[in-house]
**Q** 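Questions regarding the structure given below will be posed in turn.
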Amino acid sequence: MNNITTVENIILFFALIGLIIVDLEYLLTSSIYSQQSLLTWQILRIRSEYLKSNKIAQYLDVFFDYPGIIFIFGCRLFFSLFSLLILAQNSSYNLFLIFGIFILTLLVNYRNPLGQDGSDQMLNIIICILLINKLFSGNFQVREIGIFFICLQSCSSYTIAGLAKSIGNKWLEGNAVTEILSTRSYGNLYVANLLNKNLWLGKILTWSSIIIETIFPFVIILPNPYWSFFLAWGFLFHLFNAIVMGLNVFFLAFIATYPAIIYVHLVIERLLNK
Amino acid sequence: MLWSSVIYHEKYFYVVFSLYFIWFALTLLTQSTSKVSKSIKQYDFFSLIPSWHFFAPNPSVSDYDILYRTKTKLGQESDFIVAYITPIKTIKNILINPQKRKQKVFFDTTYMLLEISSKKDHKHIVLTIPYLLNLHYVSNIVKNSKVKADASQIQFAIAETKNKGLYFTTRIVFLSSWHEL
């Protein structure tokens with residue numbers, strides 16, 4: 001039981017740091033949620049007939065309109081910081097804090113259907129699973145299957161991404177990484193110049209990412225030391241993306257799932273050795 | 001009955017297992033662009049069903065910037081003015097990257113507008129959320145600016161820029177209708 005608690009705490013540690021950065025980013029760009037800016041609630045609310053006329057919708061306006069949305073980001077930031085501070089104590093407050101983070105996350109997701117990325121999606125899953133695990137803290141089977149599910153979603157994310165790349169022309173031609181890193185949005189001028197002058201390097205990066213992502217789930221069943229290659233690759237892959245592409249929270253959101261992968265690997269290794 | 005004694009019951013394992021099974025099945029079903037996937041996604045109000053495509057199968061190899069121009073009552077059109085341009089990243093973005101939120105919103109609205117406009121029947125595009133968000137954004141830039149005080153109509157455009165290594169290419173990929181300010 002202690003092993004699973006340690007796994008959950010490490011996952012939660014990285015996830016909370018990710019959420020803290022996310023909320024700081026939201027707060028630093030909070031002006032885009034104002035009535036005169038890009039993500040105004042006045043337009044987003046018209047996507048639902050329910051939100052146009054219902055009385056409950058009028059109460060939601062208080063939180064979803066500006067500056068109410070700042071309160072939601074601020075609350076979630078506070079809950080995440082406090083939860084991080086008391087993480088090691090396994091306090092019962094953690095359940096309430098994670099529940100609060102989960103509810104606030106649902107509100108943020110509902111209010112902002114645009115602008116989210118894969119790191120937000122992985123953090124959503126992690127928080128939901130850890131909430132269920134905290135709720136059933138005395139039920140080892142429920143907690144273990146939660147860890148297995150985080151591992152499953154993490155491994156499937158790599159495989160699905162790899163398979164999707166394998167049917168893309170630019171990926172198969174070997175030019176995708178060079179062209180992505182040549183953009184202002186996700187690129188870096190220095191790296192782009194390097195890859196444009198050395199096209200073979202871009203092709204190696206492109207094809208290797210397709211292959212390793214697709215076969216990533218082998219991390220669960222390969223023996224030592226081969227399985228650790230995948231985790232090392234993943235660590236460096238996400239670190240590279242954070243430094244070059246600005247995908248900072250991706251590093252935290254996906255590294256947060258690695259304790260679950262390691263746990264599942266050890267469980268399967270024990271079963272195979274019996 | 002205390003919750004702590006209730007939660008040990010075996011049946012909760014099956015309930016939670018079923019939840020995760022359904023969740024993962026929905027995850028797999030929504031990875032394609034099929035009608036089933038779109039039907040499921042429209043009920044995913046809280047974004048709990050992930051999409052794991054990540055720049056695939058069509059990677060993001062262009063930058064998209066938002067431009068606008070105005071027209072006076074006499075019909076005089078202005079040049080295109082930049083409303084939003086994708087910023088270049090700095091070293092601090094490794095730790096915190098707030099500009100990526102706005103950038104991603106523009107990217108999402110651009111992607112949706114290009115998808116809608118590629119269909120045969122896209123007359124209703126002016127009523128879609130991505131269109132209205134962009135129109136609202138550029139309209140408020142003009143309304144809050146003293147420079148275009150005589151503007152009576154506005155039009156926005158999306159420009160696509162590609163880095164070809166030795167040079168850049170830019171072209172307009174979307175042009176809105178003219179709208180009253």
Side-chain angles (χ1 to χ4, degrees), chain A residues 21 24-26 28-29 32 36-40 43-44 46-47 106 109-110 113-118 120-122 124-125 128 132 135-136 138-139 141-142 145-146 149 152-153 156-157 160-161 164-165 167-168 170-171 176 179-180 182-189 192 196 242-243 246 248, chain B residues 4 7-10 12-13 16-17 20 23-24 27-28 31 45-48 50-64 86-89 93-109 129-130 132-134 136-137 140 143-144 161-163 165-166:
Chain A
I21 292 174
L24 285 172
E25 289 176 348
Y26 274 130
L28 286 170
T29 52
I32 67 171
Q36 295 180 342
S37 195
L38 183 62
L39 276 179
T40 174
I43 291 178
L44 288 172
I46 66 172
R47 70 187 194 266
L106 295 184
N109 292 348
Y110 185 75
L114 301 168
Q116 302 214 346
D117 61 23
D120 298 305
Q121 292 172 114
M122 187 56 85
N124 294 339
I125 291 169
C128 184
I132 294 172
L135 207 56
F136 292 92
N139 191 323
Q141 285 181 315
V142 168
I145 200 163
F149 185 73
L152 179 65
Q153 282 285 9
S156 63
S157 72
I160 290 167
K165 288 178 172 80
I167 60 170
K170 283 197 189 292
W171 288 100
E179 292 193 36
I180 291 169
S182 297
T183 63
R184 271 175 279 131
S185 308
Y186 294 109
N188 174 282
L189 196 60
N196 278 306
I243 293 170
N248 51 342
Chain B
S4 56
I7 57 173
Y8 282 104
H9 203 286
E10 199 178 81
Y12 291 109
F13 170 78
V16 173
F17 180 86
Y20 293 157
W23 195 348
F24 190 64
T27 302
L28 292 178
Q31 296 310 309
F45 303 117
F46 301 107
S47 305
L48 290 174
S51 175
W52 297 134
H53 286 179
F54 303 135
F55 301 94
N58 300 311
S60 172
V61 296
S62 305
D63 288 305
Y64 295 100
T86 309
I88 294 172
K89 292 183 289 301
N93 294 143
I94 297 170
L95 292 173
I96 190 158
N97 190 5
Q99 63 200 22
K100 76 166 186 263
R101 295 285 160 190
K102 192 174 183 179
Q103 176 188 308
K104 186 66 170 51
V105 172
F106 274 120
F107 182 83
D108 286 347
T109 57
I129 298 291
L132 290 170
L133 286 174
N134 279 293
H136 179 79
Y137 180 70
N140 277 292
K143 285 174 186 172
N144 293 331
T161 303
K162 285 190 179 183
N163 183 350
L166 296 174

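Here the structure is a predicted model, which means the values were calculated and not measured.
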**Q** Closest approach of B:Phe24 and A:Ser156, non-hydrogen atoms and distance?
**A** CE1-OG, 3.5 Å

**Q** Between A:Tyr186 and B:Phe55, does the ring centroid distance fall short of 6.0 Å?
**A** yes

**Q** Chain B heavy atoms under 4.5 Å from A:Leu38: which part of the residue, side chain, backbone, both or neither?
**A** both

**Q** Checking A:Asn109 against chain B: side chain, backbone, both or neither under 4.5 Å from a heavy atom?
**A** both

**Q** How far apart are the C-alpha atoms of A:Asp120 and B:Arg101, what are their side-chain angles, what is the distance that settles it, and do they pass the salt bridge (Lys or Arg N to Asp or Glu O under 4.0 Å) test?
**A** CA-CA 11 Å; A:Asp120 298 305; B:Arg101 295 285 160 190; 3.0 Å; yes

**Q** Mind ranking B:Leu133, B:Asn163, B:Ile88, B:Asn93 by heavy-atom pairs under 4.5 Å with chain A and telling me who comes out on top?
**A** B:Leu133

**Q** Heavy-atom cut-off 4.5 Å, strictly under: side chain, backbone, both or neither for A:Ile132 against chain B?
**A** side chain

**Q** Between the side chain of A:Glu25 and the main-chain N/O of B:Ile96, is any donor-acceptor distance below 3.5 Å?
**A** no

**Q** Any side-chain donor-acceptor pair under 3.5 Å between B:Trp52 and A:Gln121?
**A** no

**Q** Looking at every heavy atom in both A:Thr183 and B:Ser62, which two are closest together, and how far apart are they?
**A** CG2-N, 3.7 Å

**Q** Based on non-hydrogen pairs under 4.5 Å, which of B:Asp63, B:Ile129, B:Thr86, B:Thr109 is most in contact with chain A?
**A** B:Asp63

**Q** Which atom names give the shortest non-hydrogen contact between A:Ile32 and B:Lys102, and what distance separates them?
**A** CG2-CD, 3.9 Å

**Q** Does CZ belonging to B:Phe17 count more than 12 external heavy atoms closer than 6.0 Å?
**A** no

**Q** Heavy-atom distance under 4.5 Å to chain B: side chain of A:Lys170, backbone, both or neither?
**A** side chain

**Q** For B:Leu95, is it the side chain, the backbone, both or neither that has a heavy atom under 4.5 Å from a heavy atom of chain A?
**A** backbone

**Q** Can you label the angle between the B:Tyr20 ring and the A:Phe149 ring as parallel, tilted or perpendicular, going by 30° and 60°?
**A** parallel

**Q** Does any heavy atom of chain A fall under 4.5 Å from the side chain of B:Thr27, the backbone, both, or neither of them?
**A** side chain

